[in-house]
Amino acid sequence: MHRRKLLGGATLLLGGCDRLAENDTVQRVLASAEGLTRRVQRLLGGEHTLAPEYAEADVSPVFKANGTLNPDDDDYQDMAAKHFSGWRLEVTGLVERPLRLSLDDLRAMPPRTQITRHDCVEGWSCIGKWKGAVLGDVLRQAEPRAGARYVVFRCADPMENGDPDSKYYESIGLDEAFHPQTILAYDMNGAPLPVAHGAPLRVRVERQLGYKMAKYLMRIEVADSFAHIGSGNGGYWEDQGYAWYAGI
Ligand SMILES: Nc1nc2c(c(=O)[nH]1)N[C@H]1C(S)=C(S)[C@@H](COP(=O)(O)O)O[C@H]1N2
Ligand SMILES: [Mo]
């Protein structure tokens, strides 16, 4: 009986980015598995193991777009109509120097290009080529203050009928934020990021699952806790029951 409950939880997890039922067993399994993957990854490879990178020939001919494909938000639509010339990435919270960066500012920073595999919790994968600014470089400019533990990504897309309080968000630890492959991508497969994939800027966190990779990025908040955001679990999908540390 116990075993069947566990398998039920695992099947739900693989079932996709659908809402998970508020189920105690699922919550417990996710919580324990999450700590385990994180510890095992650290034991096996240390903090900064690189995710595998691929060759140009491996790039998927079609990269599936998932989740929000075009944000239902007037401000976002206005910015998109002006080719994101008015868009700025804000860096706020526990930092010495809050930042407001244009796409040109980000493109002027030393770029990193990587060809990696994107794994969605739904069970599909695609290989894509990403180019962007290294998040660690942006954070070093902003200078996180003592007590900073998390980097919270705030996105433009409401998840419930245009409700501004339901906008997608995500968070990662400061260690993951300073990982060399954690980038803010403005190009995909050699062209500016399409709207369906998160224009004008999306996060790549290559050692974790797709839902960590926030699209339509508007603001980065450096914080000591995410308990005050959403339902307090560190991300839109985490609030529906997914693991915060989504290691692959
Ligand atoms: N802002 C935002 N970011 C998001 C999502 C979303 O709906 N909104 N979906 C997530 C999920 S579940 C996946 S698999 C990837 C999909 O990225 P893609 O559209 O480039 O495939 O984006 C992630 N980031
Ligand atoms: Mo996903």
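Counting from 1, the numbers follow the sequence of the chain as shown. Start at 1 and go down the list; that is how both ligands and their atoms are numbered.
Contacts of Arg202 with ligand 1, taken as heavy-atom pairs under 4.0 Å, involve the side chain alone. With a 4.0 Å cut-off on non-hydrogen atoms, Ala196 touches ligand 1 through its backbone and not its side chain.
Atoms of ligand 1 found under 4.0 Å from any heavy atom of Cys155, numbered from 1 in the order shown, are 1 (N). Near Lys64, meaning under 4.0 Å from any of its heavy atoms, are these atoms of ligand 1: 18 (P), 21 (O). Residue-ligand proximity, His197 to ligand 1, at heavy-atom distances under 4.0 Å covers atoms 18 (P), 19 (O), 20 (O), 21 (O). Which parts of ligand 1 touch Met213 is read off a 4.0 Å heavy-atom cut-off, strictly below it: atoms 22 (O), 23 (C), 24 (N). Each of the following atoms of ligand 1 lies closer than 4.0 Å to a heavy atom of Gly67: 7 (O).
At distances below 3.5 Å, at least one donor-acceptor pair connects side-chain atoms of Gln114 with backbone N or O atoms of Gln181. Checking side-chain atoms of Gln208 against main-chain N and O of Ala246 turns up a donor-acceptor pair under 3.5 Å.
Looking at ligand 1, you won't find any N or O of Tyr211 less than 3.5 Å from one of its N or O atoms. Considering backbone and side-chain atoms together, Cys120 places no N or O closer than 3.5 Å to any N or O of ligand 1. In terms of N/O distances under 3.5 Å, ligand 1 is not approached by Tyr216.
Hydrophobic clustering of Ile, Leu, Val, Met, Phe, Trp and Tyr side chains at less than 4.5 Å, counting indirect connections, unites Ile172 with Tyr216.
Annotation: Arg117, atom CZ; neighbour count of heavy atoms from other residues, nucleotides and ligands within 6.0 Å does not exceed 12.
For Tyr236, the closest heavy-atom approach to ligand 1 does not fall below 4.0 Å. Within the structure, the closest approach of Met188 to ligand 1 does not fall below 4.0 Å when heavy atoms are considered. Proximity of Trp124 to ligand 1 is established by a heavy-atom distance of less than 4.0 Å. Using a 4.0 angstrom heavy-atom cutoff, His118 counts as in contact with ligand 1.
Applying the salt bridge (charged side-chain N to carboxylate O under 4.0 Å, His left out) rule to pairs touching residues 127-139 yields Glu56-Lys129, Asp137-Arg140, sequence neighbours excluded.
Scored by the side chain to side chain contact (heavy atoms under 4.5 Å, CB included) test, Pro98 finds Val95 as partners (sequence neighbours excluded).
The structure places CG of Asp163 at 9.5 Å from NZ of Lys167, a figure rounded to the nearest 0.5 Å.
Ring to ring, Tyr150 and Trp244 are close: their centroids are under 6.0 angstrom apart.
Using a 4.0 Å cut-off between charged side-chain N and carboxylate O, Arg88 and Glu90 make no salt bridge.
Between atom 16 (C) of ligand 1 and the options Leu193, Thr68, Asn66, the minimum heavy-atom separation is to Asn66.
Within the 4.5 Å cutoff, side-chain heavy atoms of Lys64 are placed close to those of Glu122.
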